[in-house]
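Okay, structure first, notes after.
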Amino acid sequence: MAQKPSIPKGTRDFNPIEVAKRNYIFDTIKAQFQHFGFQPIETPSFENSDTLMGKYGDEGDRLIFKILNSGDYLSKVDNKYYLDKDSNKLTPYISEKALRYDLTVPFARYVVQHQNEIDFPFKRYQMQPVWRADRPQKGRFREFYQCDADVVGSQSLWQEVEFVQLYDAVFSALKLEGVTIKINNRKILSGIAEVIGAQDKLIDFTVALDKLDKIGEEKVKEEMLSKGISKEGIEKLQPLFELQGDFSEQIVALKAILSVSEEGKRGIEELEFINTAISELKLQTANLQLDVTLARGLNYYTGAIFEVSAPEGVKMGSIGGGGRYDDLTGIFGLKDVSGVGISFGLDRIYLVLEELNLFPETISESIKVLCINFGEAEALTCLKAIKALRAHGINAELYPDAAKMKKQMNYANKRAVPYVVLVGESEMSSNTFTLKNMANGEQQQLSLEDLITTLQ
RNA sequence: GUGGUUGUAGCUCAGUUGGUUAGAGCGCCUGAUUGUGGUUCAGGAGGUCGUCGGUUCGAGACCGAUCUUCCACCCCA
């Protein structure tokens, strides 16, 4: 019985052209990571459930793919949990492993586990797939790649400055101009929460504030009210909703709002430091923008928060994010190690580059020259030439069958091969090669040496 | 996890209130053209109508379930 094969929801196959394009992004990011001094590590695709569970909030726990235990896993479960049919309670007894949800928590685990072998500050990069049991949408997959760069063991704000430059370097190298690097600081958010008397509701407060540009001021206030934030507190937020101007103008306004909060003032200082450094160093193509409503992402951020949005006009969620987390390794028992890092969403960057037509043309070129097959003797001559070409770093291949000329030329066309070599009777007798340029149809007869130099 | 949406040839899509043998464009294959591709012309192949079940004399169309796509929540790269 032949049944239609399929792949799970939210996953994809990649054809050769797509892989070539993905590798282009991959290689570009990797090159910049290396320029900035990051070193690669890799971690397993699945971790022990305890490593991941509880690190991303309740919502995160729900989105983690759990792996069923091997063997007769149900027989070991206490009837108490089995008969209750409570999935959340039963899960720990039938699943001890889970697929990686992001690269940051596994990295924290790695740092703690290998702390004695690591030279701090440790700068690592990691480019691996992560999995989320999310409902797919455009730019949202259940399996996708993250490209992370993090530094642990340094509290210096120069790291934040470096990461802003790294974002700029990567997107400039990808020719993706005009991305906006939004920056905020957790200390400012908690400072504001303090000012309005909602310290204990920081998460609810930030989640609501984050929706400002999406649902508007009124709805945000409604949500805050429904989460138990006092009316008087929300009124104190008014200057925040009216915040405008460039980076330094917003800083001035924030200083007024946060004058009574020590923590808030520290957040402002940090932002000012980064902004001053960046204006001195300059960015190539990206814009750095202060966005006090930026609260996205994980609750473990303690200082800077980053998010990158695609150039204006491209409808896509964030293509990168990151921030500083002072105590990430603390949950694994290693105190006082500060970390800061950023992430690139490879799959979303792909969609943006595709939409803006920014992939280089030569990207899908697999071979430079195809040799037409006229028969056994000619094929052998071709393979000798191909061997020499390959030795000179030129990708070359022989059409395997002495098929009709039209068929072989058609094949070259579809593979987008820029050159074709013809070796038939006359070339055999004169010991030459006919090189045809597929773009303009021009042909020339060359010796092997000239063939090599022409194609190099 | 909640609500909605989509599925017909390799691709993009038609298909009337349920009625013979399900169509088009592009692509593909063959020939015109046995050492020259893209253009042109002629011919040809290709469909369990996502899947399973139901209603009906009769279902691509109606109903249910399920899978998938996209969208809005939630959350996020």
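Excluded from the calculations below are hydrogen atoms, water molecules and symmetry mates; all remaining heavy atoms, backbone and side chain alike, are included. Residue numbers begin at 1 in each chain, while the letters A, B, ... track the order of the sequences.
Stacking between F344(A) and A77(B) is absent: the ring centroid is not both under 5.5 Å from the six-membered base ring centre and under 30° in plane angle.
In terms of polar N and O atoms assigned as donor or acceptor, the side chain of N413(A) comes within less than 3.5 Å of the base of G37(B) in a complementary pairing. In terms of polar N and O atoms assigned as donor or acceptor, the side chain of K436(A) comes within less than 3.5 Å of the base of U36(B) in a complementary pairing. For R135(A) against G3(B), a side-chain-to-base donor-acceptor contact under 3.5 Å is present. In terms of polar N and O atoms assigned as donor or acceptor, the side chain of E427(A) comes within less than 3.5 Å of the base of G35(B) in a complementary pairing. In the interface, the side chain of Q443(A) is paired with the base of U36(B) through a donor and an acceptor atom under 3.5 Å apart. On a pure distance criterion of 3.5 Å, a polar donor-acceptor pair joins the side chain of R348(A) and the base of C76(B).
Atom CG in L294(A) sits about 13 Å away from atom C1' in C76(B), given to the nearest Å. The interatomic distance linking L63(A) (CG) with C74(B) (P) rounds to 14 Å, in whole Å. Counting to the nearest Å, the P atom of C74(B) and the CD1 atom of I215(A) are 7 Å from each other. Summarising the geometry, the separation between CE on M405(A) and C1' on U33(B) is reported as 12 Å, rounded to the nearest angstrom. Summarising the geometry, the separation between CD1 on I64(A) and C1' on G1(B) is reported as 15 Å, rounded to the nearest angstrom. C76(B) atom C1' lies 13 Å from atom NZ of K211(A), rounded to whole Å. Taking atom CG of residue D210(A) and atom P of nucleotide C76(B), one finds them 8 Å apart after rounding to whole Å. Distance CZ (R62(A)) to P (C73(B)): 15 Å, rounded to an integer number of Å.
Between R12(A) and D347(A) a salt bridge is recorded (basic side-chain N to carboxylate O distance below 4.0 Å). Using a 4.0 Å cut-off between charged nitrogen and carboxylate oxygen, R22(A) and E18(A) do not count as a salt-bridge pair. A salt bridge links R415(A) with E397(A): the distance from a Lys NZ or Arg NE/NH1/NH2 to an Asp or Glu carboxylate oxygen falls below 4.0 Å.
In this structure, E425(A) reaches the bases: a heavy-atom distance under 4.0 Å links it to at least one base atom across the strands shown. G375(A) comes within contact range of no nucleotide atom at all, as no heavy-atom separation falls under 4.0 Å. Contact annotation for S343(A): no contact, since no heavy-atom pair falls under 4.0 Å across all strands. Residue G60(A) is out of contact with every strand shown, counting any heavy-atom pair closer than 4.0 Å. F141(A) comes within 4.0 angstrom of a base, heavy atoms only. Among the atoms of the strands shown, only primed sugar atoms or phosphate atoms (P, OP1, OP2) are found under 4.0 Å from some heavy atom of G320(A). Contacts of A439(A) with the nucleic acid, taken as non-hydrogen atoms under 4.0 Å apart, include base atoms. No engagement by G57(A) is indicated, since no non-hydrogen atom pair under 4.0 Å with the nucleic acid exists. In this structure, V207(A) reaches the sugar-phosphate backbone alone: every heavy-atom distance under 4.0 Å involves primed, P, OP1 or OP2 atoms, never a base.
For C41(B), the paired nucleotide is G31(B), the pair qualifying as Watson-Crick or G-U wobble because both relevant distances are below 3.5 Å. Using the Watson-Crick or G-U wobble rule with both distances under 3.5 Å, C62(B) pairs with G54(B). Base pairing analysis places A24(B) opposite U12(B); the two distances defining the Watson-Crick or G-U wobble pair are each below 3.5 Å. Across all strands shown, G18(B) has no partner, as no Watson-Crick or G-U wobble contact with both distances under 3.5 Å is found.
Between I274(A) and V164(A), the shortest heavy-atom contact is CG2-CG2, 4.4 Å. Nearest heavy-atom pair across R100(A) and P44(A) is NH1-O, 2.8 Å.
A side-chain hydrogen bond (donor to acceptor under 3.5 Å, both in side chains) with Y125(A) is found for exactly one of Q34(A), Q32(A), Q39(A), namely Q34(A).
Of the possible donor and acceptor atoms, one in the side chain of K123(A) sits under 3.5 Å from a partner among the backbone N and O of F36(A).
Note that the CZ atom of F433(A) and the CG atom of L451(A) stand 6.5 Å from one another [nearest 0.5 Å].
Taking atom C1' in both G18(B) and U56(B), the straight-line distance is 9 Å, to the nearest Å. Remark: the separation of the C1' atoms in C74(B) and A14(B) is 38 Å, to the nearest Å. Spacing between G25(B) and C63(B) at atom P, rounded to whole Å, works out to 32 Å. Rounded to a whole angstrom, the distance from the P atom of A24(B) to that of C67(B) is 35 Å. For the P atoms, the distance from C49(B) to G10(B) is 13 Å, rounded to whole Å. Here the separation of U20(B) from G4(B), taken at their C1' atoms, is 38 Å to the nearest Å.
Of the side-chain N and O atoms in K404(A), none sit less than 4.0 angstrom from OP1 or OP2 of U30(B). Between Q137(A) and A72(B), a side-chain N or O to OP1/OP2 separation shorter than 4.0 Å is present. Within the 4.0 Å cut-off from OP1 or OP2 of U36(B), not a single side-chain nitrogen or oxygen of K406(A) is found. Residue K414(A) has a polar side-chain atom (N or O) positioned under 4.0 Å from OP1 or OP2 of C28(B).
Taking the side chain of R140(A) as heavy atoms from C-beta on, and the options U36(B), C70(B), C75(B), the nearest nucleotide is C75(B).
When each of K9(A) and D134(A) is assigned the nucleotide of RNA chain B bearing its nearest heavy atom, the one mapping closer to the 5' terminus is K9(A).
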